[in-house]
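Every heavy atom of this structure was used, including side-chain atoms; hydrogens, water molecules and symmetry mates were not. Computed from a prediction, not measured in an experiment: that's the story for all the values here. Order of the sequence lines fixes the chain letters, A, B, ..., with proteins taken first and strands second; residue numbering starts at 1 for each chain.
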2 protein chains.
Amino acid sequence: MLKVSRKSEYGLIALKYIWEKNSLCTAREISDNFFIPLENMAKILQSLTRAGLLSSVKGVQGGYRLARNPSEISIANVIEIIDGPIGIVDCETTQKTTCVQYCRGVCNIKKPLGKIQNKFKEFLNEVTLVDMV
Amino acid sequence: MLKVSRKSEYGLIALKYIWEKNSLCTAREISDNFFIPLENMAKILQSLTRAGLLSSVKGVQGGYRLARNPSEISIANVIEIIDGPIGIVDCETTQKTTCVQYCRGVCNIKKPLGKIQNKFKEFLNEVTLVDMV
DNA sequence: TAGAAATACGACTAAATTGGTCGTATTAAA
DNA sequence: TTTAATACGACCAATTTAGTCGTATTTCTA
């Protein structure tokens with residue numbers, strides 16, 4: 001269906017909430033507000049932290065805050081962190097050795113789709129948190 | 001990973017091949033040329049036929065040919081026929097009653113992503129077979 | 001200094017989606 | 001009438017994604 005995964009949606013929801021609140025937020029708080037399973041939310045926030053989009057404070061009174069300017073957090077960033085590389089087709093992204101057409105050298109759509117894919121990535125890179133108003 | 005399904009890839013490969021050959025092609029022929037499982041290829045061609053992108057000739061010496069001008073066959077067409085509606089997020093596409101955030105009225109990303117999604121669809125609608133050279 | 005509230009994270013299970021197969025029907029040319 | 005083709009629904013297998021569990025670590029506060 002060519003859609004963003006549920007997890008990335010959760011990530012975007014959380015980032016927007018954290019941005020708007022503009023102070024330390026806990027995983028539980030976001031989980032409660034948006035009916036997202038706590039453990040799942042926590043793991044996603046941890047991924048975003050590891051990737052440098054959020055910074056975290058451990059311990060009691062801890063939580064997460066944005067580690068970057070919201071105009072520097074693109075949808076593409078979020079999706080790539082949570083779902084892995086964006087690729088309309090994977091032959092051009094990951095050099096998949098599992099694509100029969102690629103391996104046999106018979107694929108007739110690789111190059112053109114590669115170009116289209118790059119345009120798409122550019123597009124997603126240009127849309128940032130601040131565009132999500 | 002936000003990628004087109006294998007089946008849609010098969011569909012695009014087939015359409016491009018049929019376009020370039022410019023005469024009746026059988027499912028077996030495409031299957032053989034591109035190492036695509038025959039039954040699978042056949043079903044995809046049938047879907048594209050039902051949707052009006054291809055026309056078919058039954059019986060011996062039968063096969064498929066384009067039913068439209070290649071400049072009128074967009075990538076979006078193909079994906080929607082094979083994978084179903086294109087939607088970065090599904091709240092804005094299918095009125096999914098399974099989205100908890102949507103149902104509880106707490107989703108903070110629905111509208112902005114809806115707009116972004118529309119742009120994306122426009123983009124995929126503008127890319128046609130003739131762009132896949 | 002103990003307990004509670006929080007992040008961190010790997011391993012696992014469950015659910016959903018997707019890819020592929022099978023069987024059977026239908027059509028039309030040779 | 002046989003054969004080569006499309007048509008199609010039902011089914012199974014594989015992969016991917018979502019969600020859970022257990023445990024460790026950090027740090028505030030009483």
Rounded to whole angstroms, how far apart are [atom1] on [X] and [atom2] on [N]?
| X | N | atom1 | atom2 | answer |
| --- | --- | --- | --- | --- |
| A:Arg6 | C:dT17 | CZ | C1' | 13 Å |
| B:Leu54 | D:dA5 | CG | P | 17 Å |
| B:Met41 | D:dT6 | CE | P | 11 Å |
| B:Gln46 | C:dT21 | CD | C1' | 14 Å |
| A:Leu38 | C:dA8 | CG | C1' | 13 Å |
| A:Lys58 | C:dA6 | NZ | P | 15 Å |
| B:Asp83 | C:dT17 | CG | P | 13 Å |
| B:Lys43 | D:dA10 | NZ | P | 11 Å |

Please tell me if [X] has a side-chain N or O lying less than 4.0 Å from either OP1 or OP2 of [N].
| X | N | result |
| --- | --- | --- |
| B:Arg50 | D:dC8 | yes |
| A:Tyr10 | D:dG19 | yes |
| B:Ser5 | C:dT17 | no |

A:Leu38 with A:Ile82, same ILVMFWY side-chain cluster at under 4.5 Å: no
Distance-only donor-acceptor test (3.5 Å): side chain B:Gln61, base C:dA29: no
Pairwise side-chain contact, A:Met41 with A:Ile44, heavy-atom cut-off 4.5 Å (strictly under): yes
Given DNA chain C, 5'-ward residue of the pair B:Val60 and A:Ala42, judged by closest heavy atom: A:Ala42
Closest-nucleotide ordering on DNA chain D, the 5'-leading residue of B:Arg28 and B:Glu39: B:Arg28
Sugar-phosphate, base or nothing in reach of B:Ala27, heavy atoms under 4.0 Å: sugar-phosphate
Ring centre gap for A:Phe123 and B:Phe123 strictly below 6.0 Å: no
From CA spacing to verdict: side-chain hydrogen bond (donor to acceptor under 3.5 Å, both in side chains), B:Asn33, B:Tyr17: CA-CA 10 Å; B:Asn33 268 303; B:Tyr17 177 83; 3.2 Å; yes
Neighbour count >12 (heavy atoms, 6.0 Å) for atom CZ, A:Arg68: yes
